Participant: 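Sending over a structure as structure tokens; questions will come in a sec.
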Amino acid sequence: MRPATLAELRDAVRDTDGPLLVCGAGTAAGWAGTPSPDAARIETTGLAGITTYNPDDMTVAVRAGTPLAWLQAELASHGQRIALDAARVPAGGTVGGLVATADSGPLRHSHGGPRDLVIGVTVVLADGTVARSGGHVIKNVAGYDLGKLFCGSFGTLGVLAEVVLRVHPLPPATRTVALPCDAVEALDAVGRVLAARLEPVALEWCDGSLLARYEGGPSSVERRASATLLHSAGTVLDPTEEAEAWRRVSEVSDEPTVVRCGTRPDQFPYVAKHATRVTSSVAVGVHTVAVAGAAEVERLRAEFEHVTLCRRPPGSDLPAWGRPHASVPLMRAVKQQFDPAGRLGVGRFAPWF
Amino acid sequence: MALTDLRDKLVADLGRDGVIDDPAHLRTYECDALTGYRVVPALVVLPRDADDVATAVRACAEHGVPFVARGAGTGLSGGALPTADGVVISLQRLRRIIEVDPANRRAVVQPGVTNLDISKAAAAYGLYYAPDPSSQQVCTIGGNVAENSGGAHCLKYGFTANHVLAVDVVLPDGTQTRLGGDAPHQAGFDLLGAFVGSEGTLGVVTAVVVRLLHTPATVRTLAADFDSTETAGAAVTAVIAAGIVPAAIEMMDNLAIEAVNEAVDAGFDPDTAAVLIIELDGPADEVEERFAEVTAVCTAATRVTIARDAEQRARFWRGRKAAFAAVGRLSPNYFVQDGVVPRTRLGEALARIAAMADEAGLRVANVFHAGDGNLHPLVLYSEAAGEHERAEALSSGIAELCVELGGSLSGEHGIGTDKACSMPRMFSTDDLETMQRLRAAFDPAGLCNPGKIFPTPRLCGERPGPYRPHPLESAGVIERL
């Protein structure tokens, strides 16, 4: 099924019997648990395009199946962007898919993830109920924030039909500084960059370098890049090197077995030790980790509660989730309320529910 | 009977000095800062730690008695209003800063710690806690979590929800759990995000892990005078449209200026129609570049005063943050309203508010977060002159105007008791029932801060205000089925 309107989506969800699997562009089809093969597929890619965009309000509403890359191009003609740079965006990842997987990229250092950018949602629940929360203004505390609840829900609570996002201005210029260091040294390097109060928008350790990216006015980014080198050894990258460095960061997500892991920042060296390759927003403690196999995943899970499986080789029986963390019982209770018949995303959170 | 049993149980578990049941003392808890709503609770408990909180909540659950958590009582929407047959759980004894961790740039604090005390504790490391509600000297972090509090600087820095990594909570059945984690990556639904801003209806916070930021290297602040609120509003739009994200853009109209000048000698021009306080912060080079752009955009201003030092900047902010209280000098009574409009409709909103005020024969002072479109109209009136009902109607009308203009009933003060009956103006029955599913997952018995956020027949009469289509819906831009 590939509904093209909210009404068609509602009807498809309500009038189809049995389990349903929500699919966007399929760029994260391998994330989390393996979905039940019996489920009927609801593809959201027919729900595409902008519904409201007033650049001066810095908000945009889109249908959930809209590819973020397409949206970014539209916004760019107004000098704006969504401050979300998850690795799979160029491959066609949809706004709804990025929210449902709570995916993010190096910009999480300064802008957070989908939870920090979504200001309103329209969802269709398993029983066909259409509900909105939030709205079209950035500052808004009226009612519960279901947009945040749906972040990381992997299509198990309802189908995202429309998402309202806050937008940010495109920076006039960017500059990246590469500071060669190992994972242990990275902690100190991060401390020095932050203490210099130069406000990098991204601070990402990957392939033996800490990358600090500055955005802003052309002379300001130049001077901030140089100022970084006053206290740390490194180089200011030219535009080609800069693009290459950030390409390597997103490449980590394409390794055969990848998890996303949240830890205290100072636990990064432990994470790196178990990785074949890693890219880490060190200062916030969010790491995208390529590992050799199940043993390494197990070791990470022994230490950390929040480890999400992002990629595994075809046929792998690597478990999608580790031991249940403290709020898994609440997740089950929420699931029971939103989808009492258990129709949506069967298998995504196995063995938790 | 349940209450007598419950009191005995709580006295046994928390000690005699942990339970208040004498009527005179109970009255201290009858309202929060929205003093128009008052209900004396049956009991108040004063837990000392998370286990005490869990004990109290579990006892309430077992006795079927409703309860509400309370911090400093500075809330402006009646969110901490007790129920007459219920218990207030005061978190004033949980005021310990458990840990400041400069290496990981975070702090772990108990819910009764004030917002400003977190920044004070972090200052030794060059760090601070970014959200800064005007009441930050008194309001507690637990209350900030409940309300998803904002503040003047959330234009750049975001709200409480963006700065909390985890919370320890006592769920409404008395079990203790943690939402969130060590980093902003959660395996599973973002229950933390749903919890922050739930106005105390999903559980009681017993510890909060907050992010700390390095204090900005440079801060530049200006005050720009305008000959009308409309031209000031247009300047706000121009700044944002230029791709600048200031730390704050605040507006005060003439009436608000008059009040703060008298109250704190803020030094604003008493004859100007509106003043914008625009603050940029960040790395020195970036701030200088952008500050020049801001001053260039403010061409319509009749005067621009650039704060020459920290003292003058502090004076601007003293004036701004004292505004609500200062308005008490102009009028014996006033209502503080809190609504949001899309920023591009600020001018229109202010003009319509002025017209509504004229029609009601009342004065409205405006002091607000202009960069976010977050209005705080202060409706001035006199109880003695019998203006209460007219003022209340005007104030509600302003909040509903915000919804009509495509905005929100509340930007930071919450729905609480105050606006529960207006919620159907913004949300359909299906929207509200879907939110109630979340409530039911956390609090199936409905004992945790009942009567807040959602309209009830008892509160709103049998027929709450009718649902009216959202303007975007009327325009065919969004659909609802």
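Every value quoted in this text rests on a predicted model; they were computed, and no experiment measured them. Scope of the values below: all heavy atoms of this structure, side chains included, with no hydrogens, waters or symmetry mates. Naming convention: chains lettered A, B, ... in sequence-line order (proteins, then strands); numbering from 1 in each chain.
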Participant: So for A:Ala283, is it side chain, backbone, both, or neither that comes closer than 4.5 Å to the heavy atoms of chain B?
Facilitator: both
Participant: Would you mind checking which part of A:Arg108 comes under 4.5 Å of any heavy atom in chain B, side chain (CB onward), backbone (N, CA, C, O), both or neither?
Facilitator: neither
Participant: Select one option (side chain, backbone, both, neither) describing which atoms of A:Asp103 are under 4.5 Å from chain B's heavy atoms.
Facilitator: neither
Participant: Please lay out, stage by stage, how A:Tyr53 and A:His78 fare under the test ring pair (Phe, Tyr, Trp, His ring centres under 6.0 Å).
Facilitator: CA-CA 11 Å; A:Tyr53 177 36; A:His78 296 273; 5.2 Å; yes
Participant: Pick one of side chain, backbone, both or neither for A:Leu330, based on which atoms fall under 4.5 Å of a heavy atom in chain B.
Facilitator: both
Participant: Of the backbone (N, CA, C, O) and the side chain (C-beta and beyond), which part of A:Glu305 lies under 4.5 Å from a heavy atom of chain B, both, or neither?
Facilitator: backbone
Participant: Non-hydrogen atoms of chain A under 4.5 Å away: do they reach the side chain of B:Thr215, the backbone, both or neither?
Facilitator: both
Participant: For B:Ala161, is it the side chain, the backbone, both, or neither that has a heavy atom closer than 4.5 Å to a heavy atom of chain A?
Facilitator: both
Participant: Side chain, backbone, both or neither: which part of A:Gln80 has a non-hydrogen atom closer than 4.5 Å to chain B?
Facilitator: neither
Participant: Would you check if there is a donor-acceptor pair between the side chains of B:Ser77 and B:Asp418 at a distance under 3.5 Å?
Facilitator: no
Participant: Among A:Val328, A:Asp116, A:Leu198, A:Leu194, single out the residue with the greatest number of heavy-atom pairs under 4.5 Å to chain B.
Facilitator: A:Leu194
Participant: Heavy-atom pairs under 4.5 Å with chain B: which of A:Gly285, A:Ala100, A:Ser219, A:Pro329 has the most?
Facilitator: A:Ser219
Participant: Please look at B:Leu202 and chain A and tell me whether the side chain, the backbone, both or neither of the residue comes under 4.5 angstrom of a heavy atom of that chain.
Facilitator: side chain
Participant: So for B:Ile453, is it side chain, backbone, both, or neither that comes closer than 4.5 Å to the heavy atoms of chain A?
Facilitator: side chain
Participant: Do you know which of A:Pro265, A:Gly112, A:Gly158 has the most heavy-atom pairs under 4.5 Å to chain B?
Facilitator: A:Pro265
Participant: Answer with side chain, backbone, both or neither: which region of A:Leu170 has an atom nearer than 4.5 Å to a non-hydrogen atom of chain B?
Facilitator: neither
Participant: Which atoms of A:Ser281 are under 4.5 Å from chain B, going by heavy atoms: the side chain, the backbone, both sets, or neither?
Facilitator: neither
Participant: Going through the checks in order, is the side chain to side chain donor-acceptor pair (under 3.5 Å) test met by A:Arg260 and A:Thr288?
Facilitator: CA-CA 5 Å; A:Arg260 169 92 28 94; A:Thr288 304; 2.9 Å; yes
Participant: Quick check: B:His185 with A:His287 (ring centres under 6.0 Å apart)?
Facilitator: no
Participant: Pick from A:Leu125, A:Val221, A:Leu309, A:Asp145: which one has the most heavy-atom pairs with chain B under 4.5 Å?
Facilitator: A:Leu125
Participant: Between B:Glu412 and B:Asn148, is any pair of side-chain heavy atoms under 4.5 Å apart?
Facilitator: no
Participant: Between chain A and each of B:Ala440, B:Gly181, B:Gly188, count heavy-atom pairs under 4.5 Å; write down the option with the most.
Facilitator: B:Gly188
Participant: Any side-chain donor-acceptor pair under 3.5 Å between B:Thr434 and A:Tyr144?
Facilitator: no
Participant: Based on non-hydrogen pairs under 4.5 Å, which of A:Trp321, A:Phe154, A:Phe338, A:Trp352 is most in contact with chain B?
Facilitator: A:Phe338
Participant: Could you measure the distance from the CD atom of A:Glu222 to the CG atom of B:Asp285? Nearest 0.5 Å is fine.
Facilitator: 11.0 Å
Participant: Check whether B:Met423 gets within reach of chain A through its side chain, its backbone, both or neither, counting any heavy atom under 4.5 Å.
Facilitator: side chain
Participant: Which bit of B:Val169 comes within less than 4.5 Å of chain A, counting heavy atoms only: side chain, backbone, both or neither?
Facilitator: neither
Participant: Between B:Asp430 and A:Thr129, do the side chains contain an N or O donor and an N or O acceptor separated by less than 3.5 Å?
Facilitator: no
Participant: Is B:Arg106 in contact with chain A via its backbone, its side chain, both, or neither, using a 4.5 Å heavy-atom distance?
Facilitator: side chain
Participant: Tell me, side chain or backbone of B:Glu288 under 4.5 Å from chain A's heavy atoms, or both, or neither?
Facilitator: neither
Participant: So for A:Pro218, is it side chain, backbone, both, or neither that comes closer than 4.5 Å to the heavy atoms of chain B?
Facilitator: both
Participant: With only heavy atoms counted, which part of A:Val284 is less than 4.5 Å from chain B, the side chain, the backbone, both or neither?
Facilitator: both
Participant: Using non-hydrogen atoms and a 4.5 Å limit, figure out which bit of B:Thr237 sits close to chain A: side chain, backbone, both or neither.
Facilitator: side chain
Participant: Under 4.5 Å from any heavy atom of chain B, what part of A:Thr263 do you find: side chain, backbone, both or neither?
Facilitator: backbone
Participant: Sort B:Arg343 into side chain, backbone, both or neither according to what part of it lies under 4.5 angstrom from a heavy atom of chain A.
Facilitator: both
Participant: Examine whether an atom of B:Glu286 lies under 4.5 Å from a heavy atom of chain A, and if so say whether it belongs to the side chain, the backbone or both; otherwise answer neither.
Facilitator: both
Participant: Do you know which of A:Asn54, A:Asp57, A:Thr101 has the most heavy-atom pairs under 4.5 Å to chain B?
Facilitator: A:Asp57
Participant: Sort B:Leu171 into side chain, backbone, both or neither according to what part of it lies under 4.5 angstrom from a heavy atom of chain A.
Facilitator: side chain
Participant: B:Asn104 versus chain A, heavy atoms under 4.5 Å apart: side chain, backbone, both or neither?
Facilitator: both
Participant: Given that the side chain runs from C-beta out, which part of B:Phe189 has a heavy atom under 4.5 Å from chain A: side chain, backbone, both or neither?
Facilitator: both
